[in-house]
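Residue numbers start from 1 in every chain, and the chains themselves are labelled A, B, ... in the order their sequence lines are given, proteins ahead of strands.
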Amino acid sequence: MAHDTSSRAPAGRAPVGRPPLPTAARARTGTARRALGLVWVLPALVVLAVFVYLPLVQNLGFSFLRWDIFSGTFSFAGGDNYRKMAGDPVFWRSLRNNIAYAVVSVVVQVFGALLLAALVESLRSDRWRRALRAVYFIPSAISITVAGLLFYFLYEPNLGLLNAALGGLGLDGLEHAWLGDSGTAVYAVIAMSQWQGFGYSTLLFALAIQRIPPEIMEAAALDGVGPVRRFLQITAPLVGEMTSLMVIVTISGAFQVFNEVMVMTSGGPDNSSQVLGTWLYQSGFVQNDFGYAAAIAVVVFFVTFLVALAQLALGRRRRVEW
Amino acid sequence: MTATGTRYLARVCLWGLLLSLAVVVVYPLLWMVLNGFKTNAELFANPFALPHQWGLGNFAAAWDRGVSSYLATSVFVTIVSTLSTALLSAWAAYGLTRLRVPLEGPLTAVVLAGLMLAPTVALIPLVQLFQRLGLYNSVWALVILYTAFRIPFTTFLIRAYMVEIPREIDEAASIDGAGPGYTFWRIVLPLCKPIMASVVILHVLFAWNEYLFAMIFTSGAGTQTLPVGLTNLMARHGTDYPVVFAGMAIAALPMVLLFFGGQRWFIRGLADGVGK
């Protein structure tokens with residue numbers, strides 16, 4: 001992404017045009033500098049190695065164990081954890097819920113947000129554009145725990161806004177214990193996530209749209225190209241890089257969902273809103289089956305890893321155009 | 001219908017859509033804050049009426065029932081992990097961009113690859129590791145984890161910025177006899193102020209709101225942050241809803257203020273960072 005170098009031009013003190021050092025001296029300082037350079041990178045590398053990469057590798061190993069963390073006993077289980085997973089209906093339910101999460105989030109937080117950003121940016125008043133972008137963003141600034149608790153109350157049958165609004169519209173028949181019904185719980189949680197996240201991606205798309213040279217839009221408008229065709233043929237293609245990135249970030253996020261499900265339903269009722277993250281937690285920390293939890297973590301790893309590879313491939317292809 | 005008529009209708013629809021979305025966002029938040037002022041009886045009698053009295057009693061009650069402690073822990077974890085993440089990342093970015101490091105390419109890849117990893121994937125070994133280190137159920141577990149898992153993203157942002165600062169500055173400084181330490185603290189870091197501001201705001205937002213690690217690695221009083229504390233408040237005082245609403249408002253307010261106060265830095269960081 002382009003940076004404006006003008007705003008951080010070097011301080012005027014830098015002396016220019018000194019004679020270069022003799023080659024021998026330069027080589028010597030070069031070697032010393034190389035070693036010194038490592039010292040700067042080392043602290044970050046050590047922290048990453050110990051607390052991110054090592055546990056990642058260990059987790060793979062743990063997934064082949066039968067392991068009771070509280071008594072400290074473990075034994076080799078071979079592929080048992082994975083076989084158990086294949087026959088575990090809650091695992092498949094969780095995976096399906098993650099996929100539903102990804103699909104809805106991509107529709108709302110990528111394509112919906114792109115459309116919304118284009119609409120906001122089409123406003124003539126700069127003040128309104130900024131105000132709306134900021135208002136839509138607020139839910140992303142508050143913690144997902146606060147947002148989750150808030151929606152827990154909104155969905156509450158007696159107290160909540162949703163049933164009251166439905167009643168007010170004369171749709172009493174639709175009133176519902178949204179989180180208490182295994183048919184609606186996961187969708188109620190997904191809906192809350194969209195409320196929390198759409199402003200974040202709208203803001204990012206708005207920034208991308210602002211980078212489109214205004215002359216292009218003006219020329220198109222002069223040629224009589226209507227707003228719908230301008231969106232489809234100019235805006236959307238020109239923010240294509242942002243769109244594909246957001247698709248990938250959103251899918252990856254959907255497979256890491258944990259917090260909102262935990263706060264609002266803990267995966268219930270009857271495991272209907274379980275996702276991989278909460279099922280992993282439940283299996284390990286509640287049912288004390290850490291080997292199985294590690295195996296679920298391996299699945300999460302592979303899904304997010306594949307998505308990341310797709311991002312790398314996309315990034316390489318796009319880089320050429322810029 | 002005439003062309004102007006259609007255009008007028010389109011504008012009305014556009015504003016209708018944009019403003020109703022704004023209401024959908026703002027109304028629940030307003031409802032949350034207003035409920036923090038009500039009594040339980042008022043809340044159940046008519047959840048949508050304005051409170052009869054604007055006393056701060058529920059806020060004080062939430063404060064006394066643990067929110068003050070959760071807040072203090074959140075502030076501590078946020079400040080310390082922000083400092084450690086920003087410093088370690090800036091050091092790494094400096095080494096990787098401005099000094100000649102052996103294996104620079106692979107090392108950069110190793111640091112940035114962490115961006116792709118979900119915290120859940122390392123969770124179980126981390127629990128075991130922190131139990132062994134004796135840091136389980138301590139604020140330091142959160143400080144370390146927030147630092148470790150955010151170094152890749154933070155280094156990525158700072159690195160992209162540092163690459164664009166002209167190298168001649170460092171060369172001039174080194175000819176003047178300045179070592180890398182001096183160059184980093186006195187020359188490069190001050191030039192990086194804008195990205196450091198973005199990085200700090202993004203990390204504060206992350207650390208303040210993080211839930212997974214906070215829930216699993218802390219349990220006792222004095223180690224729980226606001227997100228976990230709020231769910232406790234809910235569990236323990238679940239029937240006294242107005243107090244829970246007050247606690248939620250207390251937790252949400254600082255980040256909303258930070259967002260509006262630091263919007264410029266915030267948006268810059270987001271714009272640069274989405275490439276992760």
Side-chain angles (χ1 to χ4, degrees), chain A residues 1 3 5 8 10 14-15 18 30 33-34 36-38 40-41 43-45 47-48 51-52 55-56 58-59 62 119-120 132 134-139 141-146 149-150 154 159 161 164 199 203-204 207 245 256 258-259 263 277 280 284 290 293-294 297 300-301 304-305 308, chain B residues 14 18 22 25-26 28 31-32 47-48 88-89 91-92 94-96 99-102 107 111 114 116-118 120-126 129 144-145 147-149 151 155 164 166 168-169 172 175 180 191 205 208-209 211-212 227 230-231 234 248 251-252 255-256 259 270-272 274-275:
Chain A
M1 252 157 248
H3 289 285
T5 31
R8 56 190 138 93
R18 292 274 184 105
R33 266 173 141 196
R34 265 164 197 266
L36 253 173
L38 264 189
W40 290 82
V41 188
L45 278 176
V47 170
L48 277 173
F51 297 104
V52 179
L56 182 75
Q58 282 178 310
N59 183 75
F62 288 176
L119 291 176
V120 171
L132 285 172
V135 166
Y136 297 156
F137 188 87
I138 298 174
I142 68 174
S143 84
I144 187 109
T145 310
V146 172
L149 283 175
L150 176 57
L154 289 176
L159 201 67
L161 215 81
L203 179 63
L204 288 171
L207 296 174
L245 265 174
Q256 300 176 32
F258 176 79
N259 190 344
V263 170
L280 180 161
F290 283 85
V300 175
F301 172 74
T304 48
F305 183 71
Chain B
L14 173 64
L18 295 180
V25 165
V26 173
W31 186 68
M32 170 179 90
F48 308 106
L88 291 177
S89 303
W91 281 338
Y94 178 71
L96 291 173
L99 304 173
R100 290 199 185 82
V101 179
L107 283 183
V111 174
M116 307 190 281
L117 300 174
T120 35
V121 163
L123 195 61
I124 289 153
L126 281 172
L129 176 64
I144 293 171
L145 289 171
T147 305
F149 277 83
I151 279 177
T155 307
E164 306 217 343
E168 290 77 47
I169 299 178
I175 289 165
L191 286 173
L205 187 83
W208 190 266
N209 291 335
Y211 180 75
L212 172 71
L230 283 178
T231 55
M234 174 76 183
M248 286 155 66
M255 289 308 110
V256 175
F259 168 65
L270 284 186
D272 289 352
V274 72

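Among A:Gly199, A:Pro139, A:Ala134, the residue making the largest number of heavy-atom pairs under 4.5 Å with chain B is A:Ala134. Highest contact tally toward chain B, considering only A:Val52, A:Leu159, A:Ile142, is held by A:Leu159 [criterion: heavy-atom pairs under 4.5 Å]. Among A:Leu149, A:Leu119, A:Leu203, A:Leu150, the residue making the largest number of heavy-atom pairs under 4.5 Å with chain B is A:Leu150. Among the candidates A:Val300, A:Asn259, A:Val47, the residue making the largest number of heavy-atom pairs closer than 4.5 Å to chain B is A:Asn259.
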Inset, instruction - Begin from the C-alpha positions of A:Leu38 and B:Leu107 and carry the test side-chain contact (heavy atoms from CB on, under 4.5 Å) through to its verdict. - result: CA-CA 10 Å; A:Leu38 264 189; B:Leu107 283 183; 3.6 Å; yes

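Looking at B:Asn209, its side chain does come within 3.5 Å of a backbone N or O of A:Ala141 through a donor-acceptor pair.
The ring-ring contact (aromatic ring centres under 6.0 Å, His included) test applied to B:Tyr211 returns no partner, not counting sequence neighbours. Applying the side-chain contact (heavy atoms from CB on, under 4.5 Å) rule to B:Val26 yields the partners A:Val135; only residues at least two apart in sequence or on another chain are considered.
Side-chain atoms of B:Leu123 and A:Asn59, non-hydrogen and from C-beta on, never get closer than 4.5 Å to each other. The shortest side-chain heavy-atom distance between A:Leu56 and B:Leu117 falls under the 4.5 Å cut-off.
Residue A:Phe301 touches chain B through both its backbone and its side chain, counting heavy-atom pairs closer than 4.5 Å.
Among B:Ile151, B:Leu88, B:Thr147, the one residue that satisfies the side chain to side chain contact (heavy atoms under 4.5 Å, CB included) test with A:Leu48 is B:Ile151.
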